[in-house]
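Convention: sequence-line order gives letters A, B, ...; per-chain numbering from 1.
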Protein chains: 2
Amino acid sequence: MSVRGSKVNGLMVTIRDVAKESGFSSTTVSIVLNNAPLARYIPAVTKKRIEKAAKKLGYRPNLFARSLRSKRSHTVGVMVFDMTDPYCTLILRGIENTLYQASYLPILTDVHNERSRFERYLEMLLDRRVEALIVLANWLFVDIDVLADLEKSSIPTAMIGRELKTDTISSVIVDNEMGAYAAVEHLHSLGHRKIAFIRGPKTLADSAPRWKGIRSFAKASELDLDPRLIVDLPESRDPISSFEAGYKLTEELIKQKRPFTALMAFDDMTAFGAIRALAKAGLRVPEHCSVVGFDDVAASSLYTPALTTVRQPMEAMGAMAVSIVVDGINSVQEKREVVAVHRKVAPELAVRESTRNLL
Amino acid sequence: MSVRGSKVNGLMVTIRDVAKESGFSSTTVSIVLNNAPLARYIPAVTKKRIEKAAKKLGYRPNLFARSLRSKRSHTVGVMVFDMTDPYCTLILRGIENTLYQASYLPILTDVHNERSRFERYLEMLLDRRVEALIVLANWLFVDIDVLADLEKSSIPTAMIGRELKTDTISSVIVDNEMGAYAAVEHLHSLGHRKIAFIRGPKTLADSAPRWKGIRSFAKASELDLDPRLIVDLPESRDPISSFEAGYKLTEELIKQKRPFTALMAFDDMTAFGAIRALAKAGLRVPEHCSVVGFDDVAASSLYTPALTTVRQPMEAMGAMAVSIVVDGINSVQEKREVVAVHRKVAPELAVRESTRNLL
DNA sequence: CAGCAGAGTGAAACCACTGTCAAGATCGGC
DNA sequence: GCCGATCTTGACAGTGGTTTCACTCTGCTG
C-alpha cells in the first residue's frame, strides 16, 4: 500500500516538492498528474519520472487549493427532513452509492423538520460550495419559502418525495395514485368488500394522490367506500407518531362495531399501529383482518406477519436523484442550460403475509 | 432575510469587494469580520462601516481560500460499515446533532462492509482534510489492517461499537456483558428456567461479552444453561441475515422438542426472526414463549408484540463519539497531545410485551 | 524636544494549485 | 543554413482568504 500521507516532518508534500524531486517545474507536474490536455506533448519519459517522484513522496494534491482554483468541490449536499424516519434509510443508501460511483462525496444534514435548522444548514452547504443539492422531503409540510430558498441557491437541486412543477428544481416521486390503486385492487381481488381506510394527514402531499387512487379503483369496480370506515391521520411532524395514530384510529374503528375485513393504512408505520390495535382487540392478522401498508420500509418484511405493502423503489429513487443532479452539474460545467426533470416512478405491490383471501 | 449569495453578475463577492466598498483594506476587513485579536485596536466606527458594507454586498467568505490558509476544514468524516443496519440510524442522528452544535459538517460514507471501499473512502476523506473520523463499526469483523489504516491517518478518531485498547483510537461501546446479564436476569425473575439462547457469531466482537454476561448470571443464580438450547448465528456480513438465521435456528430449536419457555436472541433482528418462527409453529409470544432481544432498534417498540430488549443509548453514544473527537480536534489545535479515551456505557432494559411471567 | 509606546491601518507574502503564454529546442523541408 | 511547424517546458498570474510586518500618527514621558 502506498505510504499514505507520508509527510516530511509533519508537513504535507506539495506539488513543488514533487517538482523538485523530479527535476521539472510544478507546471509540468500539474499537467502530467492531471493528465491535462497539454499532457499529450509531454514525452513518456518525463511522465514516468514525475509519476515516480510523486509516488515516492506520497504526494496528494491539496484539495483546498485545487478547489479554490477550479471552483469545484466535488461535494453534494444532502438534506433530510428527519433521518429517523425509516423511509430515509434506503434512499440514503441509493444516494450514497450512486454518488460514490460518480466520485462525489455527500455532506449529510438532518433538518429535524425545523425551519431554522433548514436555513442554517442550507447556508452552510452553500458556503461550502456543494455542487448540487438533494432534498429528501419525507413527511413534510414544504412551505413555499423552503422552495424559494432552494431556488435562490441556483445549483442543481433534486427533491425526493414531493411532487413539484417548478422548472428549477427536479423531483423524484413514487406514483402514489398507482400504488394505492394496486393495493385496494389487491384487497378487492382477495374478496374484501368492507375495507377500512386510514388516510394520510391532509397537509401531507402524498395523501391526496393515494386517496385518489383508491377512489378511482372504487369507481372502476363499484367498490363501496363506507365513510364511517374512513379516518384521517392527524397532522404531525413526526413520522413515528403515525404508529400511535394508526393504533388509536384503529381502536376507534373497532369500537365502532362497524365490521371490516381489511384495512388499508396510509403507510407502513400506520399499518404497524393498526396491527397492534387489532391484536389488542383479539383480532389476528390476516386471519381476522387483512392489513396493507405503503412504502415497504425495512421493518415490513421482518414483521410478524410480514406486511403486504406497496413498495417504493427507494434505492432506485435515491440513485435517480443523484443522476439528475450529476447531469445538472455537467450541464453547468459545460455552460449548457440546466433543465429540471420530474420523475414519477412506479411502485410495486409486495404481497406478503398480512393479507389473505376472505374465506 | 439576507440576500443570500447576492452576486454581481454571477461572480461571488470577495473580501476585496468589501474592502473597496467600505474604504478599508482587505486586511482590516478580515480582522474585523473574524473578530481576530487585532480587532481590539479597531475603533467601533470602522467596524460598523465594514460590517455594513459586508452585509450590503452579501459577502460570504470563500471557505476554500480560508481552509487553504488555515488548514482547517470544519468537517468530520463519518464511516459506517452498513447504513441499512437499523442500528445505525439513531447513532447517526446523535452524531449529526452534536456535530451541528459544534458547527462541524459530517461527510457520510458507507463502506458496505467492503475493504476496497473502506480504503477508497478513507483516502477521499483524508484528501479532504476532515479534522476527525468517526467510525461506526456495526456488524463487522474489523481486521487489524483497518485499524492500522486508521491509526496512520493521525487525526482524532473514534470508533463506535467496537472495544479497543489502542491509545490512538478512541472507542465508545455499550456494556454488552451488563446488558446480557440484565436480560437473563429479567427472564429469570419472571420464572423462566428453560431458556434458549441464540448467540452471536463468534467473529463478532459483541458475541463473547454478551455470552459472558449470561454465564455470569447463570452462575450467580444457579440457572442451568442447557447446551442443547444454545445455538450460534452463522458468520455473515449482512445484518438483515440475522433475521433469517434467527428464524432458521428457532425452527430447529422447536423441532428438537426440547421445551423452552423463553428465548434470548443475540439482537433484535434475530429476535424478530425467532418470533416469526415461533408464530409459524403456532407458538404465541409472549403467551407460549417469552422473547428478549438486544439493541432496541426503532422497529422493536413498533413490533407486535412490542419487543422486550436491551436498549443501547445510541443517540448518546453518537454524541459521545463526537464530543471525544471534537476534544481531540481542540487538542490538536492547541498542540496538546491527543489521548484516546474509551467509554463503555450502560445499557438499559426496556421491558415491553414480548416477555411475561411464566404462569 | 527627543524618544517611545501603542493605536490604527495597509502592502505584501503566503497557502497549494492550475492555466495561460511565451520562449527555447528540435525537426523537416528547401 | 534558414524558416516555419511542432514539441517541451517553465515563469507568472490568479484563485480568496489570513497574517506578518511595517508604517504612520497620537499622546505621553523624561
Side-chain angles (χ1 to χ4, degrees), chain A residues 5 7-8 10-51 53-54 57-74 126-129 333, chain B residues 5 7-8 10-51 53-54 57-74 126-129 333:
Chain A
K7 336 178 180 177
V8 188
L11 279 80
M12 287 324 256
V13 6
T14 77
I15 200 172
R16 275 177 269 273
D17 297 326
V18 179
K20 206 158 293 175
E21 172 77 20
S22 67
F24 294 94
S25 76
S26 57
T27 307
T28 312
V29 174
S30 173
I31 291 169
V32 168
L33 294 184
N34 292 314
N35 203 16
L38 256 45
R40 87 198 122 96
Y41 293 132
I42 309 236
V45 246
T46 307
K47 290 183 181 172
K48 278 266 151 54
R49 289 241 300 275
I50 290 177
E51 273 151 13
L57 299 180
Y59 169 68
R60 305 247 90 204
N62 181 322
L63 295 192
F64 296 148
R66 201 205 283 267
S67 292
L68 176 59
R69 189 94 231 279
S70 65
K71 301 189 172 320
R72 300 204 53 182
S73 65
H74 279 282
L126 294 178
D127 278 352
R128 284 175 198 247
R129 305 287 196 277
Q333 225 57 35
Chain B
K7 337 180 179 174
V8 187
L11 278 79
M12 285 326 252
V13 6
T14 77
I15 199 173
R16 280 174 254 272
D17 298 326
V18 179
K20 205 158 292 174
E21 172 77 21
S22 67
F24 293 93
S25 75
S26 58
T27 307
T28 311
V29 173
S30 173
I31 290 169
V32 168
L33 294 184
N34 292 314
N35 202 15
L38 256 46
R40 86 196 123 98
Y41 296 133
I42 309 231
V45 245
T46 306
K47 290 183 181 172
K48 280 265 151 55
R49 288 240 301 275
I50 289 176
E51 274 151 11
L57 300 181
Y59 170 67
R60 305 247 89 204
N62 181 321
L63 295 193
F64 297 148
R66 200 202 284 262
S67 292
L68 176 58
R69 190 88 234 273
S70 65
K71 301 187 173 320
R72 300 203 54 180
S73 65
H74 279 282
L126 294 178
D127 277 353
R128 281 171 200 249
R129 306 288 197 274
Q333 226 55 36

(message) Distance alone, cut at 3.5 Å: any donor-acceptor contact between the side chains of A:Arg40 and A:Asn35?
(response) no
(message) Base of D:dG16, side chain of B:Arg66 - is there a donor-acceptor contact under 3.5 Å?
(response) no
(request) Compare side-chain N and O positions of B:Thr28 against OP1 and OP2 of C:dG10 and report whether any pair is under 4.0 Å apart. (result) yes
(message) Testing the 3.5 Å rule here: is there a donor-acceptor pair between the side chains of B:Ser25 and B:Thr28?
(response) yes
(message) Nearest to the side chain of A:Lys71, heavy atoms from C-beta on, is which of D:dT19, C:dG10, D:dT15?
(response) D:dT15
(request) Can you check whether any acceptor in the base of D:dG17 is under 3.5 Å from a donor in the side chain of B:Arg16, or vice versa? (result) yes
(message) By the 4.0 Å heavy-atom rule, please label A:Phe64 as base, sugar-phosphate, or nothing.
(response) nothing
(message) Which is more 5' along DNA chain D, the nucleotide nearest B:Ile15 or the one nearest A:Ser26? Just name the residue.
(response) A:Ser26
(request) List in chain and number order the residues that pass salt bridge (charged side-chain N to carboxylate O under 4.0 Å, His left out) with A:Arg72, two or more places apart in sequence or in another chain; answer none if no residue qualifies. (result) A:Glu131
(message) Looking at D:dT18, I'd like to know if its phosphate oxygens (OP1 or OP2) sit under 4.0 Å from a side-chain N or O belonging to B:Asn34.
(response) yes
(request) Can you figure out which of C:dC17, D:dG17, C:dT9 approaches the side chain of B:Pro43 most closely? (result) C:dT9
(message) Let's see if you can work this out: which of D:dG17, C:dG8, C:dC17 has an atom nearest to the side-chain heavy atoms of B:Tyr41?
(response) C:dG8
(message) Using the side-chain heavy atoms of B:Ser30, tell me which of these nucleotides is nearest: C:dC17, C:dG10, D:dT18.
(response) D:dT18
(request) Write down the distance between CG (B:Asn62) and P (C:dA16), rounded to a whole number of angstrom. (result) 16 Å
(message) Closest approach to the side chain of B:Ala65, judged atom by atom: which nucleotide of C:dC17, C:dT9, D:dG17 is it?
(response) D:dG17
(message) Does C:dA16 have its OP1 or OP2 closer than 4.0 Å to a side-chain nitrogen or oxygen of A:Thr14?
(response) no
(message) I want to check one thing: is the phosphate of D:dG16, taken as OP1 and OP2, less than 4.0 Å away from some side-chain N or O of B:Tyr59?
(response) no
Atom pairs under 3.5 Å: protein N/O with N/O of nucleotides 20-22 of chain C:
none

